[in-house]
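First the structure, in the form of structure tokens, and then the observations on it.
From a predicted model like this one, the values you see are computed outputs, not experimental measurements. Chain identifiers are assigned alphabetically (A, B, ...) following the order of the sequence lines, protein sequences preceding nucleic acid strands; residue numbering begins at 1 within each chain. Heavy-atom basis, side chains included; hydrogens, waters and symmetry copies ignored.
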Amino acid sequence: MLMADLRRTALYDLHVAQGARMVPYAGWEMPVQYPAGLMAEHLHTRQKAGLFDVGHMGQVVLRGKDVAAALESLVPADLQGLAEGRQRYGLLTSDGGGILDDLMIANKGDHLYLVVNAANAAQDVAHLRRLEAQGVTVEVADRSLLALQGPEAEAVLSALIPGVAAMKFMDSRDFDWNGATVWISRSGYTGEDGFEISLTHGQAQDFAQALLDHPQVAPIGLGARDSLRLEAGMPLYGNDMDAQTSPAQAALGWSIPKVRRRGGAREGGFPGADAILDELAAGPAVTRRGLRPEGRAPIRAGVAIHDTDQGGEPVGRVRSGGFGPSVGGPVAMAELPAGLGEDTPLWAELRGKRIPVALAPLPFITPHYKR
Amino acid sequence: MLKYTEDHEWLRVEGDEIVVGITAHASEQLGDVVFIELPEEGREVGAGDDVVVIESVKAASDIAAPVAGVITAVNAGLADTPGDVNADPLAAWFFRMKPTDMGAVEGFMDEAAYNDLIG
């Protein structure tokens, strides 16, 4: 794709002014890193506060009587039990039992507010329009989206909007800032405490600059966003899951509560339910597991995993992998047989050599959420 | 005096050997280096043979032998502190080699020509 065909967020000029290296990503021209570099940006986020432009992500508002019940026909989550002012993680499933996208769903009282992946946004909106037959209106919220993540995020953001300090993890509320409404949730994609902030394009640059003026805040690119989420054990759509990966295979069965499973009061009723629920009950043949390679060489997406140090067929493959700056070594998430015991010896095939890798619990770091 | 290759390596002639590393431009493009695999000392290499693997936070890259010859020494310490490549790329040498034909080194760029290349 030509750079000229790429969309730019409202913060494009700010990124360029900060010295960002801009790259094409999911149809957008986005900052992959700033002059500090991925490693420094990653560590800054874990130690202080990092500001991310996530304006490429899709924001959608659903309205209608019984909108939560309607969305349950596409998402196997408990949305009717989602309290006002709260947000929950969910999946859009396919008729074949795979995952069309993962998303956040907030109950904003008279509507649901959804945040979906940039690469899937257009397809998701078309899919959500199935709900129009149930009296739901689907509106794309053409707004900017920022994330402020890290242990100093609360102190920094509450200097602009004092009310955020009272929020807990996965709260979602509206606030006023300079005469306009800002939608804030206490959530993120780093394993750290932090906030995601939706605001008008017109406000975005001033708001981002106000955050960046704080000495604890640095701008963070997509490169560190990926290493932060990887260390936090969070899956990335397109890597760790796709339309050919089921919720249980992606180790996302936790997002499907008892009430939507076999024998639950609102069992099934979403695309692919039969296959998805059968597999959850029986246990999947393969699932997403954490891996720590020996040494310092990263093992990246596509690398084959073996259960012998030579010969044989692979038992799985890496779906996300790289260097974990906070871990201080390489980390990866792989699709592997579900029954492997923790001490099963495994090897990654890297440049024709077998590197020992150890199964490791996810996440690789200790998350710091404000419960 | 340093010579430069189109693959963004620098070469320093020392007697009948050359010392090889990568340029500041290359290290900036790679991003933070996290892993380096060096060749075995004594290995005979052809010009263009991949001899070093560099993994940055972003991707894996290969470094080629600029000329044919024999690897005579490697900077083994670099494997423990790969970030040195970003901190001081001219000091962070990868390997020394004894070229089969020292004359082959003369064909590489000088600093002015390299600076023109990277713009």
Checklist outcome for this item: For residues 65-94 of chain B, the salt bridge (Lys or Arg N to Asp or Glu O under 4.0 Å) pairs (sequence neighbours left out) are none
Checklist entry - In terms of heavy-atom pairs under 4.5 Å with chain A, which of Ser56(B), Pro82(B), Ala59(B) leads? => result Ala59(B)
Checklist entry - Above 12 or not: heavy atoms from other molecules or residues under 6.0 Å from CD of Glu41(B)? => result yes
Checklist entry - Above 12 or not: heavy atoms from other molecules or residues under 6.0 Å from CD of Glu14(B)? => result yes
Item to check | Close approach to chain B in residues 43-56 of chain A, criterion heavy atom under 4.5 Å | outcome: none
Checklist entry - What closest approach, in Å, do Asp32(B) and Met39(A) show between heavy atoms, and which atom pair accounts for it? => result OD2-N, 2.8 Å
Next on the checklist: Quick check: closest heavy atoms across Arg21(A) and Lys58(B), and the distance to 0.1 Å?
Outcome noted: NH1-NZ, 2.7 Å
Checklist entry - Can you say whether Ala79(B) sits under 4.5 Å from chain A via the side chain, the backbone, both, or neither, judging by heavy atoms? => result backbone
Next on the checklist: Within the 4.5 Å heavy-atom criterion, are Val34(B) and Pro298(A) side-chain neighbours or not?
Outcome noted: yes
Item to check | Carboxylate-amine/guanidinium proximity below 4.0 Å for Glu55(B) and Arg296(A) | outcome: no
